[in-house]
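Single-structure report; data block below.
In what follows, every chain begins at residue 1, and chains take the letters A, B, ... in the order their sequences are listed. What you are looking at is a predicted structure, and each value in this text was computed from that prediction instead of being measured.
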Protein chains: 2
Amino acid sequence: MRKISDSTIRRLSVYLRFLEQAKSPTISSGELARLGGTTSAQVRKDLSFFGSFGKRGLGYSVPELTRRIRDILGLERGYRVVLVGAGRMGGALVQYHGFRQRGFHITAIYDQDSRKIGSRWNGLVVRDVKHLETDLKKDPSDIAIVATPAESAQHVVDRLVRSGVKAILNFAPVPLNVPPDVEVKTVNMALELETLSYSLANR
Amino acid sequence: MRKISDSTIRRLSVYLRFLEQAKSPTISSGELARLGGTTSAQVRKDLSFFGSFGKRGLGYSVPELTRRIRDILGLERGYRVVLVGAGRMGGALVQYHGFRQRGFHITAIYDQDSRKIGSRWNGLVVRDVKHLETDLKKDPSDIAIVATPAESAQHVVDRLVRSGVKAILNFAPVPLNVPPDVEVKTVNMALELETLSYSLANR
DNA sequence: CCCCCATTGTGAAATAGTTCACAATGCGGA
DNA sequence: TCCGCATTGTGAACTATTTCACAATGGGGG
């Protein structure tokens, strides 16, 4: 498959959100652009990498385009996700509704801390992280969320990778080393604030 | 000032992290690149937009480059930050150490929910969001973090903007409309998972 | 049935970002 | 002092992404 840029994928994700909320049966690239904060040409170009889904003069069928984008993003299948790190960030993520809505099901939570192990979080019992490998052997997951302290993140990731996890969403503020067939996305909130600081400093 | 790309600013932020951990007195672009997951040419180019801070044959002085980057990013001054939304995400953010370490001080927390108002969070009392404008009049903030439900986010942001807030870090999964002199950065975790889903679907 | 109009799909042009490659140069050692 | 080497700083080349602009076309109205 032709290499598609990350920004295109992120925009598809945004378009999908608006399609799911749309009430009319069709939508034009211009309307989608207005909602998603981009241009109509960008919308059409993004979609054109994957096929031609619209009708000239009319726009796109909302249900069809929704289905197509969900399919492109691989959202039709649903994912089992394990969460490592039952700190406050982990707690926020477990109850975050957006994940379940989009087909990402957190199926287990792990921590090191004996005070947390055994407690119930949103219907799940926090398990000792020492069971990570054996649990994943029984019930494999493609995606893991890492919300541990910076110090333990790389070690946890190594264990996840050995257990067959192929994609990691990382909230620990460190870059992670993984083999090339594993995808990591790091969300670093301090870094986001720093870009805001830069824009405040330069006006 | 010449327009600097967002990716350059984000990389500077990453370099800064490693500089703060470095133990040797000097560092080369190659070493910084290795740590930050980029190339030495990229490091030098990023820095060259702001000046020439290195010594040929030797590299960069760690303390000096640290200071320079902190200065470029506007981190020397320290920021007062207000947080709106005392849900789980808000709770995770309040105690997030990375913010304070980098000079971002959360000075107030607001919520709508009378059950939360008055409770103590990390040394701060959650205040009724109805006091937002009057509080900001007394003690202005440049930065706000919005961690409310999607429905209330735009309304809260309008009030923040009227109260003089110039930069917003948004965790609500909606795009926000603000005047052009206000900077918004939206962190959308479901979207990050969707990019991972895409990469799993296309291998 | 045919024309008109809104809107798509897409090459081509423009812009933005990254990598290359090498002259410039500061330092350490002889 | 002078040489050699490591490493910077930076135009120029390259690659990626966005925007432009317009021919193609489907549908609705007369």
Item to complete: Please determine if a side-chain N or O atom of Gln42(B) lies less than 4.0 Å away from the OP1 or OP2 oxygen of dG17(C).
Response: no
Worksheet item: Taking CG from Leu47(B) and C1' from dT18(C), how many angstroms apart are they, rounded to a whole number?
Response: 15 Å
Discussion item. If the threshold is 4.0 Å, N to carboxylate O, is there a salt bridge linking Glu133(B) and Lys138(B)?
Written reply: no
Practice prompt. Please find out if less than 6.0 Å separates the ring center of Phe53(B) from that of Tyr60(B).
Written response: no
Item to complete: To the nearest 0.5 Å, tell me how far Ile143(B) CD1 sits from Ser197(A) OG.
Response: 6.0 Å
Practice prompt. With rounding to the nearest 0.5 Å, note down the distance linking CZ in Arg34(A) to OG1 in Thr39(A).
Written response: 14.0 Å
Worksheet entry | chain B contact limits on DNA chain D, taken 5' to 3' with a cut-off of 4.0 angstrom to heavy atoms | dA6(D) to dA12(D)
Discussion item. Just the rounded figure in Å: distance from C1' of dA13(C) to NZ of Lys45(A).
Written reply: 11 Å
Practice prompt. If a protein heavy atom is under 4.0 Å from the base, mark B; if only from the sugar-phosphate, S; if neither, -; do that for nucleotides 25-30 of chain C going 5' to 3'.
Written response: BBS---
Worksheet item: Does one side chain, of Asn188(A) or Glu192(A), offer a donor that lies under 3.5 Å from an acceptor on the other?
Response: no
Worksheet item: Expressed in angstrom and rounded to an integer, what is the separation of Phe49(B) atom CZ from dG17(C) atom P?
Response: 8 Å
Practice prompt. Describe the nucleic acid contact of Thr38(A) in one word from base, sugar-phosphate, nothing, applying a heavy-atom distance below 4.0 Å.
Written response: nothing
Worksheet item: Quick one: do Asp181(B) and Arg203(A) make a salt bridge, cutoff under 4.0 Å?
Response: no
Discussion item. By the 4.0 Å heavy-atom rule, please label Thr8(A) as base, sugar-phosphate, or nothing.
Written reply: nothing
Item to complete: Can you spot which of Leu93(B), Val84(B), Leu124(B) makes a side-chain contact (heavy atoms from CB on, under 4.5 Å) with Ile109(B)?
Response: Leu124(B)
Item to complete: May I ask you to say what Phe53(A) touches in the nucleic acid, namely base, sugar-phosphate or nothing, with a heavy-atom cut-off under 4.0 Å?
Response: sugar-phosphate
Fill in: side-chain contact (heavy atoms from CB on, under 4.5 Å) partner of Val126(B), chosen from Val94(B), Asp113(B), Asp111(B)
Asp111(B)
